[in-house]
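So the structure is just underneath, and the comments pick up after that.
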Amino acid sequence: MIPYTAPVRDINFLLGELFEHASLDLPAFSETSPDLIEAVLDEAARLTEEVWAPLNASGDREGCRLEGDQVITPSGFPDAYQAYVEGGWNGIGVAEEWGGQGLPEVVASAVQEMLHGANMALGLCPMLTAGAIEALSQHGSDELKSRYLEKLVSGEWTGTMNLTESQAGSDLSQVRTRAAPGEDHYLLSGQKIYITWGEHDAAENIIHFVLARTPDAPEGNKGISLFLVPKFLVNEDGSLGERNDVVCASIEHKLGINGSPTCTLSFGEKGGAVGYLVGEQGRGLNHMFTMMNEARHKVGLEGVGVAERASQQALAYAQERMQGRSSKARGGVPCAIADHFDVRRMLLSMRARTDALRALALYCAAQMDQARHDEDAAIRKAAQARVDILIPVVKAFSTDQAVEITSLGIQVHGGMGYVEETGAAQLLRDVRIAPIYEGTNGIQALDLAGRKLQRDGGEALNALLEDMGETARQLQGGVKLRPLGDSLTLGISDLQAAMKQVLEQGRDDTQGPDAVQAYATPFLSLAGHVLCAWQMGHAALVAQAALDAGSNDQAFYRAKLAGADFVLRHWLPIGRAQRAVIEAGTQSLGEFGVHV
């Protein structure tokens, strides 16, 4: 497998040149400098390249094993995780009041991408802990925070999400795990499946966040509460006590991410697992969504990270693999496959799409900073509305694209990509889960078209469209980039028309629900293409200005222009075709239902 190189230069381009370090203008980050951010990214690159990435292939081959009720992770994984903890990486985006370093979310998200690009299976562990920290800091009692938050922030303890049961997948109203009240705690009984890093040997304690019902809870979503259930009970002085009544009953044998233990957890086999209510009784789903929104954004970054690694690997292989001759116009000499224009097409498609997805995901993270820390309440509200629109797109569109990009990476390798020897196949196997977990991508599409869009009548998306329109006008203002501006304008028009149709259908009480379901995925795809094209249009403006100013990094900025041209003039038209899909209506889907 080709060694992984963290994309520090590309990330610095986004944070410094595209976003102009906007997060640093917020009072919460007044003491954070661009130099500090660059130093943090450089150190993250060192960890991911030298410690995490070399374990990616070996972890896949070795996998995890269950010995009794103890999961043994692949060789080197516990040490690599401890290196991450000792470096203070787990708390870089957490507020200082909770023991974190208080850096902007956009920086923490950039580091997350590197972790997943280096080793997605290992990266899942701290990703879920980040969600646990968010849920506990927002909804936990002072007592729970004082006992559990510091160790979660440091990474000494890890966190999990326990939602799914055999009869309750996406429909969490069917959750049956029970929580019987005691004097100062609850006793939980039941079973949860597909629990990522639910049991492992990389940390001394695991803090499970579990959805369950109290005995008198009503049926449906309103009867679900959220509980904190530690693997080991924690004494008042913070030391670890006895093992709690929660065990790993089995681990899954999966298509990919074999270094990540996916567990079935049994609660209460010996009388009841001690758990503590988090937040309000009956509002467990609301509180759990604090974790899930955090996780959904980071799953999108998983897709970006793995796509980045696939792009690097495909390019390196194509530059080394000698096959055929160049065209007569270019000498007709023996050449590497990277010299063939069809291979260049694939390589540019991988690179340009990865850059666009990264820009959108980090832009969303920058908006999170605004929503959390701006002094103006109106600005915070508008930024949060924008985040709400972007998260389902980042999660679903990035992961769908990552599957396509890693598959294209195999195509570049030819037959060598289809065998495990090169490592290209592992990247596709690993990232294939990302469109499925944390809410399938179909659910993300329904969230966007059926919930977020209908909730505010398209107000938040309209505000985004206005910003996109301004970028298009700037592109059209100069001769060199005018074709990119024209293409972006067409994409904006298509998205506006599609939004209008989806909103109208959503107001139809008879056919509306079916129509929105039918349109949701094409609508999200269209939105993802246009939003990514917008970011790449902005990148083109910055790159062209740098070239016009005589930058010494000519090759870098020319590459950015080539990527922007591909996204706006080759890839965006594919996304724009989704408008025709939406306009086609639902007749064929209805007829299909009659005949199956």
Side-chain angles (χ1 to χ4, degrees), residues 13-23 25 352-353 355-364 366-367 370 378-379 382-383 385-387 389-390 393-394 397 453 456-503 523-551 557-579:
F13 171 72
L14 293 176
L15 270 56
E17 298 181 64
L18 241 66
F19 307 155
E20 298 179 315
H21 287 301
S23 294
D25 293 333
R353 286 191 281 170
D355 285 356
L357 296 168
R358 174 184 296 115
L360 184 61
L362 293 185
Y363 173 79
C364 181
Q367 290 296 302
Q370 199 91 46
I379 293 176
R386 186 163 289 199
V387 168
I389 286 288
L390 290 172
V393 180
V394 169
F397 191 66
L453 203 63
D456 68 353
E459 181 179 341
L461 183 53
N462 264 321
L464 270 166
L465 286 164
E466 289 178 8
D467 287 353
M468 293 183 223
E470 176 57 31
T471 300
R473 286 187 288 274
Q474 291 179 29
L475 290 165
Q476 290 171 320
V479 175
K480 294 178 181 176
L481 301 180
R482 186 172 298 153
L484 306 190
D486 293 343
S487 181
L488 180 56
T489 298
L490 292 171
I492 292 168
S493 176
D494 287 335
L495 183 54
Q496 287 172 324
M499 178 178 67
K500 180 181 178 181
Q501 183 173 348
V502 171
L503 284 170
F523 180 76
L524 186 144
S525 179
L526 173 59
H529 279 89
V530 177
L531 284 163
C532 282
W534 168 45
Q535 289 297 313
M536 292 301 278
H538 188 187
L541 290 167
V542 172
Q544 188 62 61
L547 290 171
D548 291 345
S551 168
Y557 291 111
R558 284 199 300 269
K560 290 301 176 190
L561 284 177
D565 185 84
F566 182 89
V567 164
L568 283 151
R569 298 208 291 162
H570 294 255
W571 186 49
L572 178 57
I574 296 172
R576 288 182 54 212
Q578 297 303 309
R579 177 181 173 184

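Counting heavy atoms from C-beta outward, F13 and F19 have side chains that stay 4.5 Å or more apart. Annotation: side chain of L14 is not in contact with side chain of D355 (no heavy-atom distance under 4.5 Å).
Here CD of E17 is found 10.0 Å from NE2 of H538. Values are rounded to the nearest 0.5 Å. Atom OG of residue S487 and atom CG of residue L475 lie 10.0 Å apart, to the nearest 0.5 angstrom. Rounding to the nearest 0.5 Å gives a distance of 4.5 Å between CZ of R576 and CG of D494. In this structure, OG in S493 is found 11.0 Å from CG in L488, a value given to the nearest 0.5 Å. Distance check: L461 CG to L453 CG gives 6.0 Å after rounding to the nearest 0.5 Å. Here CZ of R358 is found 11.5 Å from SG of C532. Values are rounded to the nearest 0.5 Å.
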From CA spacing to verdict: side chain to side chain contact (heavy atoms under 4.5 Å, CB included), L531, M468 | CA-CA 8 Å; L531 284 163; M468 293 183 223; 3.3 Å; yes
Using the side chain to side chain contact (heavy atoms under 4.5 Å, CB included) rule, take F523 and M499 through it: C-alpha gap first, then chi angles, then the decisive distance, then the call.
-> CA-CA 8 Å; F523 180 76; M499 178 178 67; 4.1 Å; yes
Evaluation steps, salt bridge (Lys or Arg N to Asp or Glu O under 4.0 Å), between R386 and D467 | CA-CA 12 Å; R386 186 163 289 199; D467 287 353; 2.8 Å; yes
Would Y363 and L18 count as a side chain to side chain contact (heavy atoms under 4.5 Å, CB included) if you check the C-alpha gap in whole Å, the side-chain angles of each, and the deciding distance to 0.1 Å?
-> CA-CA 9 Å; Y363 173 79; L18 241 66; over 6 Å; no
Give the intermediate values and the outcome of side chain to side chain contact (heavy atoms under 4.5 Å, CB included) for residues L390 and L464.
-> CA-CA 10 Å; L390 290 172; L464 270 166; 4.1 Å; yes
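In this structure, L484 and R569 approach most closely via the heavy-atom pair CD2-CG, 3.8 Å. Contact detail for A356 and M536: the closest heavy-atom pair is CB-CG, 3.5 Å. The shortest non-hydrogen separation linking I492 to G469 is CD1-N, 3.6 Å. Contact between L481 and A540 at its shortest, heavy atoms only, is CD1-O, 3.7 Å. Here the closest non-hydrogen pair linking R353 and V567 is N-CG2, 4.5 Å. In plain terms, the two heavy atoms of A533 and L572 that are nearest each other are CB-CD2, 3.9 Å.
The closest donor-acceptor contact from the side chain of T489 to the backbone of G485 lies under 3.5 Å. For the pair T471 (side chain) and W534 (backbone), a donor-acceptor distance under 3.5 Å is absent.
Other residues, nucleotides and ligands contribute over 12 non-hydrogen atoms within 6.0 Å of the CD atom of E470.
Ring geometry for H529 against F397 counts as perpendicular: the plane angle is over 60°, on a 0 to 90° scale with 30° as the lower cut.
There is no side-chain donor-acceptor pair under 3.5 Å between E466 and N462.
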